[in-house]
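Accompanying notes for the structure given below.
Please read these numbers as outputs of a predicted model, since none were measured by experiment.
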Amino acid sequence: MREQVLVPPDSACETDVGLMTVPLSQERAFPTWQRDIPREYFQLDAAALRERIAAARRTLGDRCVVLGHHYQREDIIQFADVRGDSLKLAQWAAAQPQAEDIVFCGVHFMAEAADILTPPHRAVILPNLAAGCSMADMAATRDVESAWEELVEAGIGGVVPVTYINSAASLKAFVGRHDGSVCTSTNAAKVLRWASERGERVFFFPDQHLGRNTAHAMGIPLDQMVVWDYTLPFGSLGGLTLEQLERARVILWKGYCSVHGRFTVEQVRQARARHPGVRVVVHPECELEVVQAADAYGSTELIARYVHEAPAGSVIGVGTEINLVSRLAHENPDKTVFCLDPVVCPCSTMYRIHPAYLAWVLEELVRGNAVNRIIVPEETAHWARVALERMLASA
Ligand code: 13P
Ligand code: SF4
């Protein structure tokens, strides 16, 4: 399904209106459409938007809380009551019994997880429903179900499914139904260990790099990991032989993040050549060779802590999304903090949370309307909750 929605262009101009066709995944929680944002919002300049967002927040008071992922742009993150990585934001949502509505400044799967973990009377709002995650979209639940069926037919047993939180609620539900768990970049090692103790092999969705990096750090040899190519037709066993699958301890789905796929070993080498003594920290969605060339790796929260805790005068090359890297550079003027990738690349879907959308959903909340509410259907939510709670219990 494709739908025309109004989104701001990815350029720096904050008042222009861009009209873009955005593919809407079949996997997403309903509604998969959004009401058109009134054009007046894109005619407001940055200062006017800031003022209207602040005014709506004052009126709403405790009735609404704004969560912001570390990759959100500056003109959004300044309004977040809580900022964090995927785990911190999911834990926060799960721990709040009060009845405020949540405006989630992040991407679709994060808002879905918050909806699943909070009571039904609490609205979770994603300011722009077109803010998805291209990696999550690489693991369509029907493709995963087909792959599972192929494994069963081939007699490959003892498979425990684990999905990265960057996945649709329906995939989390699949994993919950099949005795598996969700993980995030923070707790992937704990969850993978948990899964390895329960079966002969783990089927890891959708990010092959997080799966490989984590399994490799646990001591699982690379020749016991295989990649399932979901683009091949049913019956191809994901491009693998029966022998490869029988030997495998980890089956990695062939998904990846295009933002983190930009980081290379050559960039790390150049950073070290240009800045002797530089420390390099990267996200585990980067390729294994990049993670191995770095001094440290971990979630966005870990990267932020790593930079904040480094001694004054440190030089730090960072391999993650540019909004976070720029913020860390700004917040640490006593250190040199730079992005390893000279071609600065934001996560274009995170970037779709434009202040115009935030102003719109907050002003609608003031009028008593929850626009762009994420509601995961109860049957899906039930099983996805099972998989998320397994993760939260082991985190
Ligand atoms: P974190 O959980 O580390 O914040 O990662 C989320 C993400 O989408 C990274 O690309
Ligand atoms: Fe998805 Fe990559 Fe963006 Fe993270 S940075 S939200 S994995 S596309």
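Partners of S299 under the side chain to side chain donor-acceptor pair (under 3.5 Å) rule, at least two apart in sequence or in another chain, are D85, T186. For E309, the salt bridge (Lys or Arg N to Asp or Glu O under 4.0 Å) criterion is met by no residue, not counting sequence neighbours. With sequence neighbours excluded, the residues satisfying side chain to side chain donor-acceptor pair (under 3.5 Å) with H70 are E301.
Salt-bridge annotation for R57 and D81: present, with a side-chain N of the basic residue lying under 4.0 Å from a carboxylate O of the acidic one. Of the charged side-chain nitrogens involved, at least one lies within less than 4.0 Å of a carboxylate oxygen, so that R247 and D223 count as a salt-bridged pair. Ion pairing of R385 with D115 is absent here, as no side-chain N (NZ or NE/NH1/NH2) approaches a carboxylate O to less than 4.0 Å.
A 4.5 Å side-chain heavy-atom check between H69 and R83 finds every atom pair outside the cut-off. Side-chain contact between I77 and C105 is absent, with no heavy atoms from C-beta onward closer than 4.5 Å. The closest side-chain heavy-atom distance from F104 to I374 is not below 4.5 Å. Side-chain contact between L151 and I251: present, with at least one pair of heavy atoms (C-beta onward) separated by less than 4.5 Å. Two residues are said to be in side-chain contact when any heavy atoms from C-beta on lie closer than 4.5 Å; V107 and R352 fail this criterion. Put simply, the side chain of V159 reaches to within 4.5 Å of the side chain of W148, judged on heavy atoms. A 4.5 Å side-chain heavy-atom check between L117 and L392 finds at least one atom pair inside the cut-off. You'll find the side chain of M135 stays beyond 4.5 Å of the side chain of H260, heavy atoms only.
Panel note: side chain R122, backbone E100; a donor-acceptor pair is recorded below 3.5 Å. Here the side chain of S146 pairs a donor or acceptor atom with the backbone of R142 at under 3.5 angstrom. With hydrogens and angles disregarded, no donor-acceptor distance shorter than 3.5 Å links the side chain of Q224 to the backbone of A248. Between the S167 side chain and the A136 main chain, no donor and acceptor come within less than 3.5 Å of each other. The backbone N or O of C183 lies less than 3.5 Å from no partner atom in the side chain of N187, so there is not a single donor-acceptor pair. E287 contributes no side-chain N or O that, together with a main-chain N or O of E289, makes up a donor-acceptor pair within less than 3.5 Å. Judged purely by atom type and a 3.5 angstrom limit, E321 uses its side chain to pair as donor or acceptor with the backbone of C347.
For H178 and F203, the ring centers are positioned 6.0 Å apart or more.
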Could you walk me through whether E74 and R327 satisfy the salt bridge (Lys or Arg N to Asp or Glu O under 4.0 Å) test, starting with their C-alpha distance in whole Å, then the side-chain angles of each, then the deciding distance to 0.1 Å, before giving a yes or no?
CA-CA 8 Å; E74 235 24 66; R327 185 170 314 120; 2.9 Å; yes
Step by step, would you call R58 with E51 a salt bridge (Lys or Arg N to Asp or Glu O under 4.0 Å)?
CA-CA 11 Å; R58 277 196 299 277; E51 179 44 43; 3.4 Å; yes
Evaluate salt bridge (Lys or Arg N to Asp or Glu O under 4.0 Å) for D295 paired with R272, printing each intermediate quantity in order.
CA-CA 11 Å; D295 299 299; R272 294 200 192 284; 3.3 Å; yes
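What you find for I165 and A90 is that their closest heavy atoms are CD1-CB, 4.4 Å. In plain terms, the two heavy atoms of P206 and N166 that are nearest each other are CG-O, 3.3 Å. Considering all non-hydrogen atoms of both residues, A169 and I116 come closest at CB-CD1, 4.0 Å. Contact record, P355 with R73: CD-NH1, 3.7 Å, taken as the closest heavy-atom pair. Minimum interatomic distance between V103 and L365 (heavy atoms only, all atoms of both residues): CG2-CD1, 4.0 Å. Across all non-hydrogen atoms, the minimal contact from T118 to A93 is CG2-O, 3.3 Å.
With Y71 as reference, T320 is the one residue of T320, T349, T300 to meet the side chain to side chain donor-acceptor pair (under 3.5 Å) rule.
The line from CH2 of W253 to CG of L171 is 8.5 Å long, rounded to the nearest 0.5 Å. The structure places CG of D179 at 5.5 Å from CZ of R390, a figure rounded to the nearest 0.5 Å. One distance of note links OG1 of T184 with NZ of K88; it measures 13.0 Å at 0.5 Å rounding. Separating the OH atom in Y256 from the CG atom in D207 is a distance of 11.0 Å, to the nearest 0.5 Å. Interatomic distance, OG1 of T231 versus CE of M138, reported as 11.0 Å (0.5 Å rounding). Here the CG atom belonging to L87 is positioned 14.5 Å from the CH2 atom belonging to W92, to the nearest 0.5 angstrom.
Side-chain atoms of Y351 and Q72 include no donor-acceptor pair closer than 3.5 Å. Between Q270 and E266, the side chains place a donor N or O and an acceptor N or O closer than 3.5 Å (distance only, hydrogens not considered). Using modelled atom types and a 3.5 Å distance limit, the side chains of S185 and Y297 yield no donor-acceptor pair.
Put simply, L302 and Y164 are part of the same group of oily side chains (I, L, V, M, F, W, Y) that touch within less than 4.5 Å, one to the next. L210 and F109 fall within the same hydrophobic cluster, defined by Ile, Leu, Val, Met, Phe, Trp and Tyr side-chain heavy atoms under 4.5 Å apart, directly or through other members. The hydrophobic cluster containing I53 also contains I37, counting ILVMFWY residues as joined when their side-chain heavy atoms lie under 4.5 angstrom apart, directly or transitively. No single ILVMFWY cluster, assembled from side-chain heavy atoms under 4.5 Å apart, contains both V259 and M110. A chain of hydrophobic side-chain contacts below 4.5 Å, direct or via other Ile, Leu, Val, Met, Phe, Trp or Tyr residues, connects F204 to M225.
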Quiz: residues 332-345 side-chain donor-acceptor pairs under 3.5 angstrom, not counting sequence neighbours:
from: N332; atom 1: OD1; to: K335; atom 2: NZ; distance (Å): 3.0
from: N332; atom 1: ND2; to: H308; atom 2: ND1; distance (Å): 3.2
from: N332; atom 1: ND2; to: L328; atom 2: O; distance (Å): 2.9
from: K335; atom 1: NZ; to: V307; atom 2: O; distance (Å): 2.9
from: K335; atom 1: NZ; to: H308; atom 2: O; distance (Å): 2.9
from: K335; atom 1: NZ; to: A310; atom 2: O; distance (Å): 2.9
from: D341; atom 1: OD1; to: V343; atom 2: N; distance (Å): 3.0
from: D341; atom 1: OD2; to: R262; atom 2: NE; distance (Å): 2.6
from: D341; atom 1: OD2; to: R262; atom 2: NH2; distance (Å): 3.4

Atom pairs and distances, donor-acceptor, side-chain atoms in residues 238-245, under 3.5 Å, two or more places apart:
from: T241; atom 1: OG1; to: Q244; atom 2: N; distance (Å): 3.1
from: T241; atom 1: OG1; to: Q244; atom 2: OE1; distance (Å): 3.4
from: Q244; atom 1: OE1; to: T241; atom 2: N; distance (Å): 2.8

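Within the structure, every pair that satisfies the side chain to side chain donor-acceptor pair (under 3.5 Å) test and touches residues 359-371, not counting sequence neighbours, is listed here: R35-E364, Y41-E363, R52-E363, E364-R367, E364-N369.
Crowding of Y306 atom OH: a count of heavy atoms from other residues, nucleotides or ligands under 6.0 Å exceeding 12.
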